[in-house]
Participant: 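What follows is a structure written as structure tokens; I'll ask about it next.
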Amino acid sequence: MESRTQVGIVGAGPAGLVLSHLLQREGIDCVVLEDRSREYVEKRVRAGVLEQGTVDLLTELGLADRLHREGLVHQGIELRFDGEGHRIPFEELAEGRAITIYGQQEVVKDLIAARLDAGGPLLFEVDDVSLDGIDTDEPTIRFKHEGVEKELHCDAIAGCDGFHGVCRPSVPDGVLSFNELEYPFAWLGILAEVAPSTDELIYAPHERGFALHSLRSPELSRLYVQCDPEDSLEDWPDERIWEELHVRLARDDGWTLKEGPLVEKGIAPLRSFVAQPMQYGRLYLAGDAVHIVPATGAKGLNLAVADVQVLGEALTKYLKGGDGSLLDAYSDACLRRVWRVQHFSWWMTWMLHRFPDDDGFQRGLRRAQLEYVCSSRAAAATLAENYVGLGRDW
Ligand code: APR
Ligand code: PHB
């Protein structure tokens with residue numbers, strides 16, 4: 001069965017969904033294809049820090065009512081080590097720009113509901129997605145839906161199908177270059193039904209490994225401990241997780257960490273990855289399909305949204321005005337920001353984690369960087385402005 005649209009979007013994560021709303025606002029037809037069920041993508045626990053720019057865009061698109069009602073605005077984070085806390089005040093150091101704590105799956109829920117309410121085509125549980133003619137002006141997406149073979153003819157395809165999707169591998173060999181760094185540790189993340197023990201995120205480098213106290217709501221805490229990438233959940237019974245969190249997050253002024261029942265637990269590797277260029281023919285890659293950042297900088301979702309903000313504008317100019325100049329420059333426009341965010345995320349990971357093969361010199365460098373960030377206004381400002389997001393001119 002054949003059909004036609006202007007933009008075929010593969011993947012209903014933050015990148016694909018935000019792009020669908022940007023194009024819809026411009027009156028451009030698009031179809032979103034997702035291979036998982038609605039229930040699965042809305043339940044998938046991921047990170048939860050939104051940059052100022054991401055919140056501003058979702059607000060502009062009229063998609064942020066629940067975010068503003070339930071999201072928690074933070075004006076700073078704490079770096080905690082040697083039993084002491086060091087606050088990085090965004091209000092002072094980042095011109096009052098802030099972050100908002102709001103789970104990625106909540107963002108995805110809101111975007112899906114708005115897309116379906118507006119009658120925008122969004123197909124879940126599609127199978128066997130494959131791309132054809134991406135080096136022509138009329139690319140095609142083939143897929144199966146409800147057991148029926150389908151062909152979607154497009155003017156352009158947006159590959160928003162994440163790291164393990166089919167779009168990036170559809171680019172012929174030799175076109176893309178791959179830059180990656182695997183870190184010798186992973187994060188064990190938990191979601192606990194207990195009121196957060198902090199009002200702002202706590203990043204804690206420790207000789208036993210990094211720990212992070214984040215949150216989801218006044219009733220839900222989100223916490224992470226650095227662990228060995230070979231570890232399995234069997235190696236981490238709940239008691240051991242809490243024990244490590246108490247030790248690594250300890251503060252000498254009697255601060256205490258509240259425990260509660262775990263509702264989610266998972267181990268995720270940390271890696272840095274960039275494939276470039278971010279386009280081939282009429283296929284445009286965005287988000288995790290083309291770059292991965294370690295979670296330490298809380299940038300994954302925000303980088304995906306920033307990509308499609310550029311792509312949305314470029315597709316609009318091409319499809320409404322026939323001017324392909326922004327589309328041709330899409331990759332270059334994004335890569336400058338992608339590499340800035342890659343550097344920040346690597347830098348935060350390097351500074352805050354214990355590397356298994358650390359020698360005294362490496363430990364000394366990390367310590368010196370940490371103390372500098374906590375004692376120099378200029379260094380703290382660098383962290384603050386990157387953390388809240390550098391804005392559209394990047
Ligand atoms: N066909 C259709 N959909 C697919 C396919 C496929 N072959 N392969 C993957 N998908 C879907 C996935 O199920 C997922 O819903 O594409 C979507 C990709 O979404 P994300 O992985 O969330 O990627 P992205 O939208 O780029 O958002 C990046 O997500 O993983 C986090 O930390 C990451 O926060 C970052 C954000
Ligand atoms: C989260 O809330 O899940 C979170 C916060 C900050 C990070 C990573 C994850 O750096």
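If you read the sequence from its start, that first residue is 1, and numbering goes on from there. In each ligand, atom 1 is the first atom listed, and ligand 1 is the first ligand listed.
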Participant: Test your reading of the model: is there a side-chain donor-acceptor pair from N302 to the backbone of V49, 3.5 Å cut-off?
Facilitator: yes
Participant: For atom 5 (C) of ligand 2, which protein heavy atom lies nearest, and how many Å away is it?
Facilitator: V49 CG2, 3.5 Å
Participant: Would you mind listing which atoms of ligand 1 come within a distance below 4.0 Å of any non-hydrogen atom of R36?
Facilitator: 13 (O)
Participant: Which residue and non-hydrogen atom of the protein lie closest to atom 19 (O) of ligand 1, and at what distance in Å?
Facilitator: G13 CA, 3.4 Å
Participant: How far is atom 2 (O) of ligand 2 from the closest protein heavy atom, and which atom is that?
Facilitator: S214 OG, 2.6 Å
Participant: For ligand 2, which atoms sit closer than 4.0 Å to a heavy atom of A298?
Facilitator: 6 (C), 7 (C), 10 (O)
Participant: Between R80 (side chain only) and L249 (backbone N and O only), is there a donor and an acceptor less than 3.5 Å apart?
Facilitator: yes
Participant: Heavy-atom distances under 4.0 Å decide this one: backbone, side chain, both or neither, for T296 against ligand 2?
Facilitator: backbone
Participant: Is there a side-chain contact between W347 and V373 in this structure, where contact means two heavy atoms from C-beta onward sitting under 4.5 Å apart?
Facilitator: yes
Participant: Are a donor atom and an acceptor atom from the side chains of E259 and H246 found within less than 3.5 Å of each other?
Facilitator: yes
Participant: How are the rings of W187 and F210 set to each other: parallel, tilted or perpendicular (split at 30° and 60°)?
Facilitator: parallel
Participant: For atom 12 (C) of ligand 1, which of E125, K299, E34, R46 has the closest heavy atom?
Facilitator: E34
Participant: Once you restrict to heavy atoms under 4.0 Å, what part of L33 touches ligand 1? Side chain, backbone, both or neither.
Facilitator: backbone
Participant: Is it the case that the side chain of E200 and the backbone of G76 share a donor-acceptor pair, with hydrogens and angles ignored and the cut-off at 3.5 Å?
Facilitator: yes
Participant: So if I count the atoms of ligand 1 from 1 in the order they appear, which ones are less than 4.0 Å from some heavy atom of G165?
Facilitator: 8 (N)
Participant: With atom 3 (N) of ligand 1 as the reference point, say which of V41, V107, D35 has the nearest heavy atom.
Facilitator: D35
Participant: Does A47 have a non-hydrogen atom less than 4.0 Å from ligand 1?
Facilitator: no
Participant: Among all protein heavy atoms, pick out the one at the shortest distance from atom 9 (C) of ligand 1; state its residue, atom name and that distance to 0.1 Å.
Facilitator: D161 O, 3.1 Å
Participant: Counting non-hydrogen protein atoms only, what is the nearest one to atom 29 (O) of ligand 1? Give residue, atom name and distance.
Facilitator: Q104 NE2, 3.0 Å
Participant: Can S37 and E39 be counted as having a side-chain donor-acceptor contact under 3.5 angstrom?
Facilitator: no
Participant: Could you tell me if R282 and Y280 have a donor-acceptor pair between their side chains, going purely by distance under 3.5 Å?
Facilitator: no
Participant: Give the atoms of ligand 1, by number and element, whose distance to some non-hydrogen atom of G300 is under 4.0 Å.
Facilitator: 34 (O), 35 (C)
Participant: Quick one: does ligand 1 sit under 4.0 Å from the side chain of C160, the backbone, both or neither, non-hydrogen atoms only?
Facilitator: backbone
Participant: Under 4.0 Å, counting heavy atoms only: does M348 come that close to any atom of ligand 2?
Facilitator: no
Participant: Please say whether Y224 places an N or O atom under 3.5 Å from an N or O atom belonging to ligand 2.
Facilitator: yes
Participant: Establish, from distance only, whether the side-chain atoms of D56 and T59 form a donor-acceptor pair under 3.5 Å.
Facilitator: no
Participant: Just going by heavy-atom distances, which of A295, P294, G48, A47 is nearest to atom 8 (C) of ligand 2?
Facilitator: A295
Participant: Please indicate whether any nitrogen or oxygen in A304 is less than 3.5 Å from any nitrogen or oxygen in ligand 1.
Facilitator: no
Participant: Check this for me: F361, atom CZ, are more than 12 non-hydrogen atoms of other residues, nucleotides or ligands nearer than 6.0 Å?
Facilitator: no
Participant: Touching ligand 1 at all, R44? Heavy atoms, strictly under 4.0 Å?
Facilitator: yes
Participant: Give the residue, atom name and distance (to 0.1 Å) of the protein heavy atom nearest atom 6 (C) of ligand 2.
Facilitator: Y203 OH, 3.3 Å
Participant: At a 4.0 Å threshold, what atoms of ligand 1 neighbour a non-hydrogen atom of V10?
Facilitator: 1 (N), 2 (C)
Participant: Short list, please: which atoms of ligand 2 are under 4.0 Å from a heavy atom of L201?
Facilitator: 5 (C), 6 (C)
Participant: Do side-chain atoms of Q279 reach the backbone of S331 as a donor and acceptor pair under 3.5 angstrom?
Facilitator: yes
Participant: Taking L390's backbone N and O only, do any of them form a donor-acceptor pair with E385's side chain (distance below 3.5 Å, no angle check)?
Facilitator: no
Participant: Suppose we measure from atom 25 (O) of ligand 1 to each protein heavy atom; which comes out shortest, and what is that distance?
Facilitator: A15 N, 3.0 Å
Participant: Counting from 1, what ligand 1 atoms have a heavy atom of V166 closer than 4.0 Å?
Facilitator: 7 (N)
Participant: Applying a heavy-atom cut-off of 4.0 Å, say which part of Y102 lies close to ligand 2: side chain, backbone, both or neither.
Facilitator: neither
Participant: For atom 27 (O) of ligand 1, which candidate among G287, G162, P14 holds the nearest heavy atom?
Facilitator: P14
Participant: Looking at non-hydrogen atoms alone, which of V49, D288, D127, V18 comes nearest to atom 28 (C) of ligand 1?
Facilitator: D288
Participant: Would you mind reporting whether E264 and R222 have side-chain heavy atoms less than 4.5 Å apart?
Facilitator: yes
Participant: Tell me if a side-chain donor or acceptor on H291 pairs with a main-chain N or O of A304 at a distance below 3.5 Å.
Facilitator: no
Participant: What class does the angle between the rings of F355 and Y183 fall in, given that below 30° is parallel, 30 to 60° is tilted and above 60° is perpendicular?
Facilitator: perpendicular
Participant: With distance as the sole test, does E95 use its side chain to make a donor-acceptor pair with the main-chain N or O of R97 at under 3.5 Å?
Facilitator: no
